[in-house]
Structure formats: C-alpha cells, structure tokens
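Worksheet: one structure, shown below.
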Amino acid sequence: MKIWPFLVTTLILPQAALAGEWNFDISGHAQGLYGYTDVSKQFEHKDKNNHGVGQGDVNFVAAYNHNDEYSMSLHLDLMGGIDQELEDYNQGRWGEEAYAIGDSPYGRLMLGQTFNVAAQFHDGAPAVGALSSNADVVDFISNPNWKRDGKTTKFATLNTTYINTDGVAPKVSYITPSFYDTVIGFTYVPDAYNRRGLISNQASYSHKDGYIAAIYSEQSFKGFSAALSGGYALFHDNDNEFSASLKLSRGNWSLGGGWRKTYIDGEDKQKSTSSNLPEFFDGYREGEAWDIGVGYEIGPYQMALSYFESQSSRTDNKDKIWIFSNQYQYNQYLDIYLAAAHVDFAGNNKNVADNNQGYAFVSGLGINF
C-alpha cells in the first residue's frame with residue numbers, strides 16, 4: 001500500500017502548482033420504497049407480503065479547474081440503507097466512497113474507491129426508478145443464490161452483467177483520451193475484497209490483486225446512436241472474466257443488453273478458511289449472465305422493461321428476473337416510482353430453502369437535493 005501516497009502526490013501536486021479556481025458542491029438523494037410480494041405458496045414463509053426499504057446518499061465534491069484542459073476533483077460519497085436484503089455497502093448498511101479524478105489532454109486518472117473501468121464503461125439494458133438493479137429486486141423477494149450480511153457472503157451466481165467482483169475496492173484507473181469517439185481504460189486493484197463486490201472475506205483468494213482492461217465506443221449511423229463496450233478482468237487465484245454491452249438509441253427509445261462470462265483458468269486454488277462458508281458460496285467464479293431491455297423517455301417520464309438471467313456453470317443454480325419500472329419526475333426535488341417484477345430463483349436442488357419464485361409490486365418516492 002506504499003504506492004498510494006506516491007500516487008496521491010503525483011495526481012494533486014501538479015494541479016496545486018497552477019493558478020486556477022476551486023468549486024465546491026453538495027448533493028444527495030434519498031428514497032423510500034414500499035413493496036407488496038406475492039410468491040408461490042411453498043415459499044410464502046420466506047418473505048413478508050409487505051415490506052419497506054429506505055436508502056440514501058450524500059455527495060461532496062471539491063473541483064479545481066485550471067483551464068479547459070486540466071482539472072481535478074476530490075469526491076466523498078456517503079451512503080446508507082435500511083432493511084435491505086443485501087448489505088453491500090462498504091461497511092454493511094452504511095458506507096463511503098472516497099476518490100480523486102484528474103483530467104488532462106493525456107487522459108483521465110482515477111484513484112480511490114471507484115468501480116473498475118469495465119463496470120464504468122458498461123451500458124447495457126436500460127434501467128430506471130425503484131428497481132434499477134437486480135439487487136433492488138431481492139429486497140422484496142429474497143434470492144437464496146445471493147446473500148451478504150454481517151456474517152455470510154454467498155454469490156452462487158453472477159448478479160450483474162458488468163464486472164463487479166471487486167466492487168469499489170481502492171484502485172488506480174487510467175482512461176485514454178478519446179480517439180474517434182473511442183476510449184480504452186485500465187484498472188489495477190491491489191486488494192480485490194470489498195463489501196460492494198462478490199468476494200467472501202473468508203475465501204483464500206480474498207485479498208489478492210486484480211487487473212482489468214476495457215474499451216468503450218460511441219458511434220452514430222442512419223439516425224441511430226450506438227454505445228459499445230468490452231472488458232476483461234484477471235483476479236489472481238480467483239477467476240478470469242469477460243463482459244460486453246451494446247445499447248442502441250433513437251429518439252426517445254433505447255434498446256440494450258449485456259453479457260458476462262467467468263471461468264477458472266487452470267487449477268482452482270480456493271481453499272476454505274472457514275467451516276462456516278455456505279455451499280456454493282463462490283459459484284459466480286464459473287458462470288454466465290446476460291440481460292436485454294428496452295427503455296423509453298419523454299419529458300419527465302421514464303420507463304424500462306428488462307430481462308436478466310444468470311447461471312452457474314458447475315451447478316444448477318440459476319436466476320431469472322423480469323422488471324418493468326417507471327419513474328416520473330414531478331419537479332427537480334421529487335421523483336415518483338412504480339414498478340413490478342417477476343423472479344424465478346433456482347438452487348442446486350428442489351429444497352424450498354434453496355429456491356424462490358413470485359411477483360413484487362413496488363412504489364415509492366425519491367427526494368433529490
């Protein structure tokens with residue numbers, strides 16, 4: 001970790017030596033959701049029919065602009081949640097992200113708690129409102145394949161099509177200048193374990209490093225605009241990962257999808273360090289996920305309809321999620337949400353404890369400040 005002071009100095013001191021202007025900003029978002037759950041009869045005891053969830057974040061930014069070519073910003077994002085199924089913030093229910101960004105004609109340098117470049121570039125199935133991610137759905141219908149709380153971490157299957165294995169673990173990322181509307185990014189993660197990611201702290205590979213490379217391009221043709229991305233990750237002694245996304249937009253409509261593949265190259269070096277690890281706790285290391293969706297936006301209204309599927313390659317664990325989510329911006333401060341979802345979560349056997357299936361209907365409000 002001795003590299004961090006050097007990198008911070010390299011990023012900040014050249015900018016501080018230049019005459020420029022500092023700007024400061026505080027913003028945030030909070031939302032409260034209510035969901036009614038209707039699951040298949042055999043699973044009724046697993047989830048409440050009525051459930052509420054709260055979450056929010058506050059973002060602090062100090063930005064330094066020397067001119068149109070050189071700038072730097074320091075960020076601190078604080079976040080928290082109440083009654084969420086996956087306690088995936090850095091410290092569980094509460095967490096933070098602290099990072100610095102430097103921009104110049106030579107590209108962008110990012111240092112700190114951020115997502116890797118492949119995750120940043122990924123732009124697949126449209127998502128809006130109350131159920132804007134697969135993790136939001138399991139707040140209302142629990143998934144036996146995904147579990148993270150104060151004691152246990154289990155991801156028997158992938159839960160996204162972008163590479164999120166390392167979450168927002170501290171890292172260094174570099175993104176090249178744009179060339180023909182295309183950029184390339186590289187990330188180095190000294191320690192890949194993070195509570196926003198998939199890795200169990202009790203796995204033998206939990207504190208190994210990782211490398212990620214990705215490419216992103218925006219192109220226009222015949223009235224359409226297209227955003228494409230591709231990524232590759234190597235997490236030492238853990239797995240290798242590929243990801244890709246494509247999003248087409250025209251007018252108020254968008255159509256997009258993503259894909260992700262993970263595999264173990266050579267001998268599996270995982271050796272359990274605890275007898276308390278659940279079965280298939282790291283099945284995500286050999287699996288595949290894909291999603292597809294359509295989005296529509298007009299004025300203050302946004303809609304997204306999407307389908308997500310993931311499966312472990314070595315077991316029968318599988319997830320299917322359909323989401324129809326709507327958002328209406330009443331004014332600059334207030335958003336109104338309405339969504340519905342159907343899920344089919346399958347374990348490696350027919351046991352009720354390892355499966356779940358049903359519908360969730362979610363409404364709520366979001367406050368922006």
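Each residue takes its place number in the sequence, starting with 1.
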Donor-acceptor side-chain pairing of Asp47 and Asn356 below 3.5 angstrom: yes

I want to check something: taking the side chain as every heavy atom from C-beta on, are Ile26 and Phe369 in contact at a cut-off of under 4.5 Å? no

Below 30° counts as parallel, above 60° as perpendicular, anything between as tilted: where do the rings of Tyr211 and His236 land? perpendicular

Which residue pairs satisfy the side chain to side chain donor-acceptor pair (under 3.5 Å) criterion with at least one member in residues 257-267, sequence neighbours excluded? Thr160-Arg260, Asn164-Arg260, Thr165-Arg260, Glu241-Arg260, Trp259-Glu288

Verify the distance criterion only: is there a donor paired with an acceptor across the side chains of Thr182 and Ser217 at less than 3.5 Å? yes

Given side chains that start at C-beta, do those of Ile199 and Asn238 come closer than 4.5 Å, heavy atoms only? yes

Determine, using ring centers only, whether Phe186 and Tyr174 are less than 6.0 Å apart. no

Any non-hydrogen side-chain atom of Asp77 less than 4.5 Å from a side-chain atom of Val58? no

Would you say the ring centroid of Tyr64 lies under 6.0 angstrom from that of Trp22? yes

Quick note, side chain to side chain donor-acceptor pair (under 3.5 Å) partners involving residues 35-45, not counting sequence neighbours, are Ser40-Gln357

Derivation of the ring pair (Phe, Tyr, Trp, His ring centres under 6.0 Å) call for Tyr307 and Trp290: CA-CA 8 Å; Tyr307 174 73; Trp290 63 274; 5.3 Å; yes

Are the charged groups of Glu85 and Lys147 less than 4.0 angstrom apart, N to O? no

For the residue pair Ser206 and Tyr193, what are the closest heavy atoms and their distance? O-CB, 3.1 Å

Please confirm whether Tyr232 and Phe242 have ring centers closer than 6.0 angstrom. yes

For the pair Asp239 and Arg285, find out whether any cationic side-chain nitrogen is under 4.0 Å from an anionic carboxylate oxygen. no

